[in-house]
Amino acid sequence: MQIIQTGFKAKYDYTIRFEKSLLWEAALGIAAVTNESLAGTLEHVEKMWNDPENGFSNELQHELHEVHQCNTWKTLLQLLHYSNARTLEEWTAEVSNMPDQTLREQSLPYIGSAFEKHRMQAAQGSESSLTTLREVTADNPFFPNYIAFIVNADIPSLKEHLISVMKKWFEEVIKPQDRLLLGMLERDVANKEQKLPAMDKLTFIRWVVNSTSYKPDDAIDTILFIPHFHYRPWTISADLPATKVFYYPIHANSIDPDNRYNPDTMLVRKYKALGDATRLNLLKRLMEGEQTLQQLAEQLPVAKSTLHHHLKMLKSAGLIDSDKQAYYANKESIASLDHELRTFLEE
């Protein structure tokens with residue numbers, strides 16, 4: 001996971017919270033299956049939204065196509081952050097009755113306190129504020145177009161789409177295993193909350209997000225953890241006022257708590273990623289310093305598409321990271337490999 005280090009906050013300043021629900025699981029599952037760049041890396045999603053053999057109904061397929069086109073998975077997550085709903089029925093009623101202006105405001109992403117005025121004005125139709133938001137988010141792969149979509153969307157149609165995709169996802173994906181999913185989420189949060197008092201908060205945050213290099217921004221005083229199953233093994237981050245959100249993958253022990261012989265996915269992914277000569281070659285080069293895809297392609301007799309696949313595997317295993325177009329080794333993750341293996345074998 002890419003984490004930008006912009007500051008440091010004393011460990012005793014953090015407020016750590018957890019939220020769990022099948023609403024979150026549904027929204028994150030929709031986000032996972034429509035993210036084509038993750039194809040082949042998701043542990044519990046075998047076929048993506050555009051695979052004709054994925055088993056989804058034509059109606060759900062249609063809605064997932066719109067999610068992919070307009071990134072409305074982000075809308076679902078944004079609205080859930082402002083929601084008090086605990087059930088699909090409650091959430092559907094909230095969205096149905098929500099004023100158009102409120103839906104636009106809640107759907108637009110928070111990009112910092114300095115731009116809150118522009119976020120509100122853009123939701124009210126200000127072209128200049130819309131332009132400002134698109135300019136300051138230009139480095140993000142989807143924010144500029146997403147922001148423009150929300151500002152200009154036909155709200156009744158958007159509501160219909162959001163409610164439809166959630167209802168169909170619940171019917172086809174969540175309901176057949178709702179008790180199992182909820183049990184996993186509840187076990188994982190209970191396990192994390194049990195471990196929290198014994199760890200300093202910065203160490204705890206790094207443990208949950210599987211990144212030893214994470215340092216929160218000075219403006220952050222709350223860390224919100226939201227567990228997920230269908231987006232495993234990826235951790236996704238987002239921002240809210242004074243809050244950093246991590247949608248994190250539940251641990252293997254939360255999925256099958258009675259099987260102590262079941263290794264966590266990240267441990268398997270790390271050693272699987274290392275079990276290839278080309279990937280070891282790449283990792284060694286990145287240990288020596290960060291490089292772009294083009295620089296790596298000039299050194300190895302491998303097509304760029306193949307290199308990108310290998311880099312994606314190394315990144316999904318947490319062994320490398322990237323900053324825009326440059327890749328670099330996650331040296332702390334590599335250094336912890338022996339300890340992680342010993343911990344699993346000796347527990």
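For the single chain, residues carry numbers from 1 onward in sequence order.
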- Query: With distance as the sole test, does E25 use its side chain to make a donor-acceptor pair with the main-chain N or O of I174 at under 3.5 Å?
  - Reply: no

- Message: I need the M313 CE to L274 CG distance, nearest 0.5 Å.
- Response: 10.0 Å

- Look at the side-chain heavy atoms of Ile, Leu, Val, Met, Phe, Trp and Tyr, link any pair under 4.5 Å apart, and say whether L319 and L280 land in one connected group. yes

- P249 and W234, any side-chain heavy atoms less than 4.5 Å apart: no

- Message: Would you compute the distance between atom CD1 of I16 and atom OG1 of T222 and round it to the nearest 0.5 angstrom?
- Response: 9.5 Å

- Message: I'd like to check L345 versus R342 (side-chain heavy atoms, cut-off strictly below 4.5 Å). Are they in contact?
- Response: no

- What's the verdict on side chain to side chain contact (heavy atoms under 4.5 Å, CB included) for L77 and L28, showing C-alpha distance, side-chain angles and the deciding distance? CA-CA 8 Å; L77 295 178; L28 288 162; 4.0 Å; yes

- Are I250 and V268 co-members of a hydrophobic cluster defined by side-chain heavy atoms under 4.5 Å apart? no

- Query: Around E46, counting heavy atoms of other residues, nucleotides and ligands shown, do more than 12 lie under 6.0 Å from its CD?
  - Reply: no

- Which of parallel (below 30°), tilted (30 to 60°) and perpendicular (above 60°) describes Y146 and F149? tilted

- Task: Check step by step if side chain to side chain contact (heavy atoms under 4.5 Å, CB included) holds for E90 and E94.
- Result: CA-CA 6 Å; E90 291 175 358; E94 277 187 0; 5.8 Å; no

- Message: If we count only N and O atoms by modelled type, under 3.5 Å, do the side chains of Q121 and S126 hold a donor and an acceptor together?
- Response: no

- Pick one: which of H118, R119, Q124 meets side chain to side chain donor-acceptor pair (under 3.5 Å) with S129? H118

- Does the ring center of W169 lie less than 6.0 Å from the ring center of F56? yes

- Using a 4.5 Å cut-off on heavy atoms from C-beta on, say whether the side chain of T306 contacts that of T278. no

- Message: Please find the pair of heavy atoms, one from R104 and one from V151, that lie closest to each other, and give the distance.
- Response: NH1-O, 2.9 Å

- Message: Any donor-acceptor pair under 3.5 Å linking the side-chain atoms of W49 with those of D51?
- Response: no

- Item | Approximate separation, where rounding is to 0.5 Å, of I236 CD1 and N35 CG | 9.0 Å

- Message: Counting C-beta onward and ignoring hydrogens, is there a side-chain heavy-atom pair between L60 and V165 closer than 4.5 Å?
- Response: yes

- Message: With no hydrogens and no angle check, just 3.5 Å: does a side-chain donor-acceptor pair link N54 and Q61?
- Response: yes

- On a heavy-atom basis, the closest approach of S21 and L185 is O-CD1, 3.8 Å

- Task: Indicate whether any N or O donor in one side chain lies under 3.5 Å from an N or O acceptor in the other, for K168 and S57.
- Result: no

- Query: In this structure, which one of I150, I163, V95 forms a side chain to side chain contact (heavy atoms under 4.5 Å, CB included) with L158?
  - Reply: I150

- Query: Taking C-beta and beyond as the side chain, do S237 and K244 meet within less than 4.5 Å on heavy atoms?
  - Reply: yes

- Query: When rounded to the nearest 0.5 angstrom, what is the spacing between CE in M48 and CG in L38?
  - Reply: 6.0 Å

- Message: Taking CD in E160 as the centre, count heavy atoms belonging to other residues, nucleotides or ligands within less than 6.0 Å. Is the count above 12?
- Response: no

- Message: Is there a continuous path of hydrophobic side-chain contacts, each under 4.5 Å between heavy atoms, that joins L182 to I255?
- Response: yes

- Task: Any pair with a residue in residues 170-186 that passes salt bridge (charged side-chain N to carboxylate O under 4.0 Å, His left out), sequence neighbours left out, goes on the list, sorted by first then second residue, please.
- Result: none

- Can you measure from CG (D256) to CE (M184) and round to the nearest 0.5 angstrom? 8.5 Å

- Task: Assess the side chains of N191 and R187: does a donor N or O sit below 3.5 Å from an acceptor N or O?
- Result: no

- Assign the ring pair H81 / Y247 to parallel, tilted or perpendicular, where the plane angle (0 to 90°) is split at 30° and 60°. tilted

- So, does K272 use its side chain to make a donor-acceptor pair with the main chain of A317 at under 3.5 Å? no

- Item | Cation-pi geometry met for K167 and W91 (6.0 Å, 45°) | no

- Message: Under a plain distance cut-off of 3.5 Å, with no hydrogens placed, do Q291 and R285 share a side-chain donor-acceptor pair?
- Response: no

- Query: Do you know the tightest heavy-atom contact between E290 and Q295?
  - Reply: O-OE1, 4.4 Å

- Item | More than 12 heavy atoms from other groups under 6.0 Å of CD on Q194 | no

- Short side-chain to backbone donor-acceptor contact, D188 and H251, under 3.5 Å: yes

- Would you indicate whether the side-chain heavy atoms of H230 and L181 approach each other to under 4.5 Å? yes

- For the ring pair H228 and W24, is the centre-to-centre distance below 6.0 Å? no

- Closest heavy-atom pair, Q177 versus V173, reported as atoms and distance to 0.1 Å, is NE2-O, 3.3 Å

- Message: Can you confirm whether V209 sits close enough to F225 that some side-chain heavy atom of one is under 4.5 Å from a side-chain heavy atom of the other?
- Response: yes

- Donor-acceptor pair, K312 side chain versus S37 backbone, under 3.5 Å? yes

- Item | Heavy-atom donor-acceptor pair, R279 side chain to L314 backbone, under 3.5 Å | no

- Query: Run the side chain to side chain contact (heavy atoms under 4.5 Å, CB included) check on L311 and L286 step by step: do they pass?
  - Reply: CA-CA 11 Å; L311 290 166; L286 294 176; 4.2 Å; yes

- Message: One pair to check against side chain to side chain contact (heavy atoms under 4.5 Å, CB included): M166 and T92. What are the steps and the verdict?
- Response: CA-CA 9 Å; M166 283 288 274; T92 297; over 6 Å; no

- Task: Would you confirm whether E19, through its side chain, and I226, through its main-chain N or O, come within 3.5 Å as a donor-acceptor pair?
- Result: no

- Distance-only, no hydrogens or angles: does the S107 side chain make a donor-acceptor pair with backbone N or O of L103 under 3.5 Å? yes

- Item | Distance (rounded to the nearest 0.5 Å) between L296 CG and K304 NZ | 10.5 Å

- Considering non-hydrogen atoms only, spot the tightest contact between H310 and D276 and give its length. CE1-OD1, 3.6 Å

- State, to 0.1 Å, how close K74 and A238 come at their nearest heavy-atom pair, and which atoms those are. NZ-CB, 4.1 Å

- Query: In terms of hydrophobic clustering (I, L, V, M, F, W, Y; side-chain heavy atoms under 4.5 Å; direct or indirect links), are L300 and I320 co-clustered?
  - Reply: yes

- Query: Should the pair F142 and W73 be assigned to parallel (<30°), tilted (30 to 60°) or perpendicular (>60°) ring geometry?
  - Reply: tilted

- Query: Do H68 and E36 touch side chain to side chain, with heavy atoms closer than 4.5 Å?
  - Reply: yes

- Under a 4.5 Å side-chain heavy-atom rule over Ile, Leu, Val, Met, Phe, Trp and Tyr, are Y110 and L80 clustered together? no

